[in-house]
Number of protein chains: 2
Amino acid sequence: MAGCGEAAPVRRRRRDGEARREAVLDAALDIFSTVGLHGASIDQIAERAGLSKTNLLYYFPSKEELYVAVLRRVLAVWLDPLHSLRADSEPADALRHYIRRKVGLSRDAPQASRLFCLEIVQGARLLREELEGPLRRLVEEKAGILRGWAAQGRIAPHDPHHLIFTIWAVTQHYADFATQVEAITGRSLTDPAFFEETVANTQDLILGRLGLL
Amino acid sequence: MAGCGEAAPVRRRRRDGEARREAVLDAALDIFSTVGLHGASIDQIAERAGLSKTNLLYYFPSKEELYVAVLRRVLAVWLDPLHSLRADSEPADALRHYIRRKVGLSRDAPQASRLFCLEIVQGARLLREELEGPLRRLVEEKAGILRGWAAQGRIAPHDPHHLIFTIWAVTQHYADFATQVEAITGRSLTDPAFFEETVANTQDLILGRLGLL
DNA sequence: GTCTATAGATGGATAGAC
DNA sequence: GTCTATCCATCTATAGAC
């Protein structure tokens with residue numbers, strides 16, 4: 001056991017493997033969100049990430065496991081803004097802020113939104129437990145806050161589930177259906193004026209519904 | 001050339017071939033809307049339609065042409081309700097009716113909505129001309145009607161594009177994200193009470209925004 | 001960790017008989 | 001119009017050298 005150290009392989013920067021995994025996840029998001037799970041090939045993803053197919057399979061054991069890894073990452077980002085709805089906030093401010101963040105995500109992470117959309121539309125085979133467990137609980141908690149505000153007369157009576165779905169539907173539409181929005185209006189969220197219009201329109205819609213305008 | 005008639009092949013009911021094509025299109029909609037273009041195999045579609053793979057390829061020359069045929073059929077259904085927005089209607093009635101029809105489509109033809117969604121989310125490679133041509137013109141016409149109503153003071157000032165996108169986003173959400181809606185609420189549009197709630201909620205949202213409540 | 005080579009399976013599409 | 005047989009491309013995943 002003497003003489004260890006000399007024969008050791010070149011040591012790259014620590015966490016280099018982690019960076020490589022991240023690169024693969026980024027590339028996979030790109031591709032999966034454009035052509036779906038079945039339309040993507042490992043080869044294609046590997047090429048975009050700058051490594052070989054075989055090498056990619058060293059980091060992720062199968063295409064499906066890579067896909068799920070990307071999905072989990074996306075879901076975390078996607079759920080994050082909802083946490084900012086707190087019982088002790090001013091309802092109008094909190095909702096304005098939430099809507100702005102959601103539209104911001106549609107602008108800054110449209111691929112994440114699209115991948116999530118593809119998975120849900122196709123039945124969420126690989127995400128079902130996440131939806132029925134953590135997501136359901138989170139929505140229930142936030143619905144409780146909305147009901148509380150309504151009971152205190154701070155916002156108009158309404159169905160909190162439908163309200164939340166409405167916010168999701170409208171804000172994500174500008175990412176998921178960006179192709180259509182652009183075909184019809186010639187504009188997209190990367191245009192700052194269009195972004196602000198979209199935020200304002202959605203805020204007016206929701207706050208109006210709750211008697212906050 | 002004498003004696004014709006005896007040797008002729010058994011003549012099936014007229015338009016039998018057409019019925020066969022329809023069966024294939026139905027099966028293809030089922031499958032494509034669940035697993036996407038690339039996730040579907042001709043074999044699978046043929047089996048569901050009750051014929052062989054080779055035979056299917058007799059009716060449709062390739063998988064992609066079959067896919068496009070299904071898409072065109074879907075788009076026609078999808079656009080139809082918008083035609084009912086007419087300048088000579090009463091704004092509140094016309095919008096209520098339009099929203100009810102759209103939610104009705106989400107209940108009765110969710111697969112069509114999902115297939116359309118999948119195609120748009122993935123960039124509408126095979127539908128782009130349809131979007132930039134006919135759809136864009138149709139929306140422009142209806143936006144004109146909304147602007148007219150606003151100019152006459154019959155509805156509040158607003159951006160007609162965003163208004164139309166909002167209606168689409170919310171109504172289609174209940175078809176496209178039905179999995180998520182069901183995971184969270186345990187309910188779906190096939191439940192008549194939930195259907196009516198959804199219609200009423202969307203109508204209130206839109207009519208409220210236009211000062212019609 | 002990265003490579004070459006290849007196994008093993010699927011699936012789109014065609015040829016040609018009936 | 002429908003069938004059998006088959007070709008050929010693609011793609012996932014593994015084996016094994018370095």
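Below, chain A is the first sequence line, B the second, and so on; all start at residue 1. Keep in mind that this is a model prediction, so the values were computed, not measured.
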For C:dT2, does OP1 or OP2 lie under 4.0 Å from any side-chain N or O of A:Y59? yes
Would you compute the distance between atom CZ of A:F195 and atom CG of A:D191 and round it to the nearest 0.5 angstrom? 11.0 Å
How many whole angstroms separate atom CZ of A:F60 from atom P of D:dT12? 15 Å
Can you tell me how far the CZ atom of A:F60 sits from the CD1 atom of A:I42, to the nearest 0.5 Å? 11.5 Å
Test applied, side chain to side chain contact (heavy atoms under 4.5 Å, CB included); reference residue, A:L207; option that passes from A:L95, A:T202, A:I99: A:L95
Just how far, in rounded Å, is P of C:dG12 from CD of B:E65? 14 Å
Sort and list the pairs that fulfil side-chain hydrogen bond (donor to acceptor under 3.5 Å, both in side chains) and have at least one residue in residues 55-83 of chain B, not counting sequence neighbours. B:E22-B:R73, B:D26-B:R73, B:Y67-B:E119, B:R72-B:E130, B:W78-B:Q172, B:D80-B:R101
Nearest-Å distance for atom pair CG/P, residues B:L57 and D:dC3: 12 Å
Presence of B:Y58 side-chain N/O under 4.0 Å of D:dT2 phosphate oxygens OP1/OP2: no
Check whether A:S89 reaches the backbone of A:L85 with its side chain - one donor and one acceptor, N or O, closer than 3.5 Å. no
In whole angstroms, how far is the C1' atom of D:dA13 from the NZ atom of A:K63? 12 Å
Take the protein atom CD1 of B:I31 and the nucleotide atom C1' of C:dG11, then report the distance between them rounded to whole Å. 14 Å
For DNA chain D, which residues of residues 36-55 of chain A approach it to below 4.0 angstrom with any heavy atom? A:A40, A:S41, A:I42, A:K53, A:T54
Rounded distance in Å - OH (A:Y67) to P (D:dT12): 14 Å
Side chain of B:Q111, backbone of B:S33: donor and acceptor closer than 3.5 Å? no
d(CZ, B:R20; C1', D:dG1) in whole Å: 9 Å
